[in-house]
There are 2 protein chains.
Amino acid sequence: MQNLSKNQQIIFDLIDKSPEPLKAYAILFNVQKKGIKAPLQVYRALDKLVKIGKIHKIESRNAFIACNNSSCQVSNATAFSICEVCEKVTEISNTNLSKYLSNFKDKEGMKFNKYNLEFFGLCKKCKNK
Amino acid sequence: MQNLSKNQQIIFDLIDKSPEPLKAYAILFNVQKKGIKAPLQVYRALDKLVKIGKIHKIESRNAFIACNNSSCQVSNATAFSICEVCEKVTEISNTNLSKYLSNFKDKEGMKFNKYNLEFFGLCKKCKNK
DNA sequence: TTACATAGTGTTATATTATAACAATTTTAA
DNA sequence: TTAAAATTGTTATAATATAACACTATGTAA
Ligand SMILES: [Zn+2]
Ligand SMILES: [Zn+2]
Ligand SMILES: [Zn+2]
Ligand SMILES: [Zn+2]
């Protein structure tokens, strides 16, 4: 559990308090008043935060959310649900699922040290409309 | 099983015969001799081909591969293994896995009509080096 | 404490990926 | 046959991400 650098902390705080995934340039816009002026400064912090598992990238949306799963300190096994109407994203923490996927072997018996799963559908709210 | 339009067919053929996932601008470069000159022409064909399940997008790589799974004619349930060394991508067709994921319910009992799963690790070849 | 490695910062420029907007043509099906 | 839906062509531009270089801060081990 290492300390974050200045830029990493600024960017993590922003993502962590956001109710929705944030895109890199939205982050850039938001942190310019704090002195972070260039895309690279944002992307470097994002890369590091992803690497240490403080945030995750939602690949299908090119957006970033804070990890909500204390046991997920390394970002090697992630699962999300994504509402196709309101774009609400929720990290899924399900022991059964993560066990199943971590132990999954392909046809040739290969196991994988990392996975990312994205479910798509309607969230509860959007379903009841 | 609808027929493909001219541009869709050209682009599908290219992806289908490629041993590796292709990126949109690599596709564009390759089909320029066939008269497809602009990014949008490529992206429109890709969108359609993804929609009808003839190809899939590898989200973490922004690249496209042909579907190798005859039962996967709609692209609503996809799984891939990706080698982090040589970038080889293989579509996984595993009844047990797809059943498990299609029936998965989250904490609130929600089911999802669609998912995409990407495994990362070393392919057989890269592992034995 | 010095020196070395590692990680982080700041900056400019540029590469890569993807869509907006508009006009025309072709295909499909009632 | 005619109207809707799908596809095409084109120019311009938006959005996402990295290269390259110079410098600074931090940790660590002699
Ligand atoms: Zn997490
Ligand atoms: Zn919703
Ligand atoms: Zn498929
Ligand atoms: Zn490999």
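In what follows, every chain begins at residue 1, and chains take the letters A, B, ... in the order their sequences are listed.
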Would the distance check show the side chain of Ser18(B) and the main-chain N or O of Leu14(B) forming a donor-acceptor pair, the cut-off being under 3.5 Å? no
Check whether any side-chain N or O of Glu87(A) sits under 3.5 Å from a backbone N or O of Ile82(A) as a donor-acceptor pair, and report yes or no. no
From CD of Gln41(B) across to C1' of dA18(C) the rounded distance in Å is 15 Å
Whole angstrom value for the distance that separates P of dG10(C) from CD of Gln8(A): 12 Å
Ala26(A) backbone acceptor or donor facing Asn30(A) side chain under 3.5 Å: yes
In this structure, how many angstroms lie between the C1' atom of dT12(C) and the NZ atom of Lys37(A), rounded? 13 Å
Let me spell it out: for each of Pro39(B) and Ser5(B), pick the nucleotide of DNA chain D with the closest heavy atom. Which residue's pick is nearer the 5' end? Ser5(B)
Asp47(A) CG to dT18(D) P: how many Å, rounded? 7 Å
Examine distances only and state if a side-chain atom of Asn103(A) and a backbone atom of Lys99(A) form a donor-acceptor pair shorter than 3.5 Å. yes
Ring centroid separation for Phe104(A) and Phe112(A), is it under 6.0 angstrom? no
Euclidean distance, atom CG of residue Asn7(B) to atom P of dT7(D) [Å, nearest integer]: 10 Å
Atom pair CD/CG of Gln8(A) and Leu46(A) - distance to nearest 0.5 Å: 10.0 Å
So if I define the base as every atom that isn't primed, P, OP1 or OP2, how would nucleotides 22-29 of chain C read as a B/S/- string at a heavy-atom cutoff under 4.0 Å? --------
Please figure out whether Gly35(A) or Phe64(B) has its closest DNA chain C nucleotide nearer the 5' end. Gly35(A)
Stepwise, does the side-chain contact (heavy atoms from CB on, under 4.5 Å) test hold for Ile92(B) with Ser81(B)? CA-CA 7 Å; Ile92(B) 295 171; Ser81(B) 66; 4.1 Å; yes
What integer distance in Å separates Leu46(A):CG from dT18(D):C1'? 13 Å
Look at Lys48(A) and dT6(C) and indicate whether a side-chain polar atom (N or O) is within less than 4.0 Å of OP1 or OP2. no
Between Phe120(A) and Tyr115(B) (judged by ring centroids, cut-off 6.0 Å), do the two rings come close enough to count as a pair? no
side-chain contact (heavy atoms from CB on, under 4.5 Å) between His56(B) and Phe80(B), worked out: CA-CA 10 Å; His56(B) 304 301; Phe80(B) 306 94; 3.5 Å; yes
To the nearest angstrom, how far is Leu4(B) atom CG from dA6(D) atom P? 15 Å
Separation of Lys34(B) atom NZ from dG9(D) atom P, in whole Å? 14 Å
With 3.5 Å as the limit, what N/O pairs link the protein to nucleotides 15-17 of chain C?
{"residue": "dT17(C)", "atom": "OP1", "partner": "Lys23(B)", "partner atom": "NZ", "Å": "2.4"}

